[in-house]
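All remarks here apply to the structure that follows.
Computed from a predicted model, the values in this text were never measured in an experiment.
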Amino acid sequence: FFSKYGYAIIIKELITTHNWRYYMTKIYKFCSKGALILSLIFMSILVLSAFLITSYVDEMAVQAVKLKFDSPFVGALGIILFCALFGSILYLARKNLSLVKKILLLCVSIWILIVGVILIFWCRTIPAADPYTVYHISQLLAIGDTSVIHPTQSYLSYYPQQIGLVAFFEPLIRLWNLLPIKYEAYHFLKIIYVFLGLLIFYFQYLTVRFLFKSDKAEIIYLCMAGLNFPFLMYTSFIYSEIPSFTAASAGLYYFFKMLVSIKHAKGKSPIGYTMLSLLLLTLSVMLRKNSLILIIAVVLISFLLWLKDHKKYILLFFTISCALCSMSILPATQHIYEVRAGNTLSSGVPAMNYFAMGMQDSGRGCGWYNAFNIITYEETGLNAEKSIEISKNAIAERLDYFRENPDYAVHFYLQKFLGQWTDGSYACRQAIQANFGGRHAFFDAIFEGELGPAFVEYCNALQNILYLGSLFFCIGLLRNRISSKADTLALLVGVITAFGGFLFHMLWEASGRYIFPYGMILVPFAARGLE
C-alpha cells in the first residue's frame, strides 16, 4: 500500500498548511501523553525503590556503597511525619497564608545563611581530589601562569570539560588576591557558594509561585527547602554542582516565563525572558557538562511546543539557539584559554572509556569509578583513537560475559540503579569529608560517628517524600487536577530531566553525587504534588 499510494499521499498532505499543522499537533499530543505516562512509570519505580531500599556509606575512607532493606513501617512513619509537619503548618497558617509564607521565606533564607556559615567555621571543609586540582589550576592562571594549558602535561588535557569551572573560579580568585588577606581563596569561594545556594532556593521558590499561584504549594516548598540538609551541605562543596545548578534554576524560571509570555501575554515581548534563559542555561553547561541532560529536555520540549503552534517562531529560535550555544560554549571557552596560553589541550578522556568503566566492577560499587578511563587513556599516550578501540573491546567482552551470566547482569544493573537513586544524602558526606583539621565533634559524629545512621535515615525519609510528591504531581497532571499557565509537557521538565539522568548514568560512571541535581530539580514540582 505504501509503495503504491502512501508516499504520494503523505507528501501531498504534508505540503498543505492545514494538514501540516494537523499532523504536527498530533505529534505534540502523542509526545505529551507519552512523556506523562513515562513519567508516571519512572516516578512509581523511584518511589517503590526508595521506600524499600536505602543506599549508604558508613566508612568514609573506603566509600563502599552498601544497600539495606528498609522497614515498611519506618518508611511509612517518615512519610507520615513529614506530611503531618506540612499539614500542621498549613492548618495553623490557614487564616493568613500570605503572611506565613513571607515569614517562612525570610526564615529559610536566614537559615540557609546560618547553616552555610556553620559549615564554613565548624565543618572546615577543603577542596580535595578533582575539586582541588581545578581550584589549583585556577590559582595558577589567576597569577598569570599558563603552563597548565598543555597538550600532555596537564590535568585539563584529561578533563578539558573542567575549563568552564576554571573560567568561573579564576576571576573570583583574582578578586580575592587583591585583598590583603593571607587565607586560601577557597574560603572566599565557600562564602560565594552559600549565596549561590540562596539563589537556588529563591529561583526555585519563584518558579513555584509563578507556575502554580498557590500559597499552600509555596509554603510546602519553603519547608522542603529548609529541611533539605544534603542541599545545605553541598554549599560547602567547592566544585561544579552548586554554581551550575544556580544557573540552571534561574534558566528554568525564565524558560517558564518565556513560555507563558508567548502563550498568554498581550503586547508583551518574550525576547528578554528568552535571552535570559538562553544565557543562563548555556552557563549551566559551561560550569558542568552533564547539564546537557537538562538542555536536551528543554530543547525537546520547546521544539514540540513549536510543532504545536508553528507560528511561534521564537520557540524555534530558542530551540536552535539553546542547542547550538550549549554545544559550543565549552569548546569556545577552551579556545580562548588556548589562544591566551599560546598552546593547546588534548581532546580528553573519550566518552567510550566512561561507558566501558560503567560496565565494570569497582570497590565502591557496580559501575563506580575504578580508574579504567584514565589508565587506558594514559597507556595509549593520550591517543583518543587507540583508547576508544581498547574501550570498545572491553565493552564487547563485558557484553559477552553478561550474555553468559544473565543473573549477574540483572544484579549488576539493579545494584547500579539502587546505589545511585536510593541514596537520600546524594553522597553529600563523602563530598565534603576532607577538612583542614579541627572539625567540630558534631560533624565528626555525622560523618563517621553515632549520628551517621540517623542522618542516613533522615535523608532517606526526605527522599521518600520528594519522590512521592513528584509522583503525586504526575498523577495530578494526568487527572487535570493541577492548573498552570504553562503546558503540561513543560511542567514535566523536571521529571524528564531526571529520567534522562537515569538513562545516562546507567551507562556512564555511577555516583550518588551525580544524582544530586536531579533530586533538586524535582523539589518545586514535588511541593505542588504534595499540596
Open item on the list: If you define the side chain from C-beta out and look only at heavy atoms, does anything of Pro72 sit under 4.5 Å from Phe51?
Closed with: yes
Task: Minimum side-chain heavy-atom gap Leu492-Leu477 below 4.5 Å - done: yes
At what distance, to the nearest 0.5 angstrom, does [atom1] of [X] lie from [atom2] of [Y]?
X: Tyr28; Y: Ile301; atom1: OH; atom2: CD1; result: 9.5 Å
X: Leu67; Y: Thr54; atom1: CG; atom2: OG1; result: 9.0 Å
X: Ser425; Y: Arg513; atom1: OG; atom2: CZ; result: 12.5 Å
X: Phe525; Y: Leu211; atom1: CZ; atom2: CG; result: 6.0 Å

TODO: Only counting residues at least two apart or in another chain, list the ones meeting salt bridge (Lys or Arg N to Asp or Glu O under 4.0 Å) with Asp444.
DONE: Arg439
Open item on the list: Does anything in residues 122-134 form a side-chain hydrogen bond (donor to acceptor under 3.5 Å, both in side chains)? List the pairs, not counting sequence neighbours.
Closed with: Asp130-Tyr155
Open item on the list: Show me the pairs that pass side-chain hydrogen bond (donor to acceptor under 3.5 Å, both in side chains) and involve residues 499-511, at least two apart or across chains.
Closed with: Glu509-Tyr514
Task: Results of side chain to side chain donor-acceptor pair (under 3.5 Å) for Gln161 - residues two or more places apart only - done: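 Listed in chain order: nothing, the list is empty.
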TODO: Carefully, step by step, assess Tyr426 and Gln420 under the rule side chain to side chain donor-acceptor pair (under 3.5 Å).
DONE: CA-CA 8 Å; Tyr426 304 107; Gln420 296 180 95; over 6 Å; no
Task: Test ring pair (Phe, Tyr, Trp, His ring centres under 6.0 Å) applied to Tyr158 - qualifying residues, sequence neighbours left out - done: Tyr377
Task: Residues which pass ring pair (Phe, Tyr, Trp, His ring centres under 6.0 Å) with Tyr56, listed by chain and number, not counting sequence neighbours - done: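 For Tyr56 there are no ring pair (Phe, Tyr, Trp, His ring centres under 6.0 Å) partners, ignoring immediate neighbours.
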- [ ] Give a yes-or-no answer on whether the side chains of Ser244 and Ser291 include a donor-acceptor pair shorter than 3.5 Å.
- [x] yes
- [ ] Identify whether the distance between the nearest side-chain nitrogen and carboxylate oxygen of Asp70 and Lys68 falls below 4.0 Å.
- [x]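 A salt bridge is present here (some side-chain N lies under 4.0 Å from a carboxylate O).
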Open item on the list: Any carboxylate oxygen within less than 4.0 angstrom of a Lys/Arg side-chain nitrogen, looking at Arg528 and Glu531?
Closed with: yes
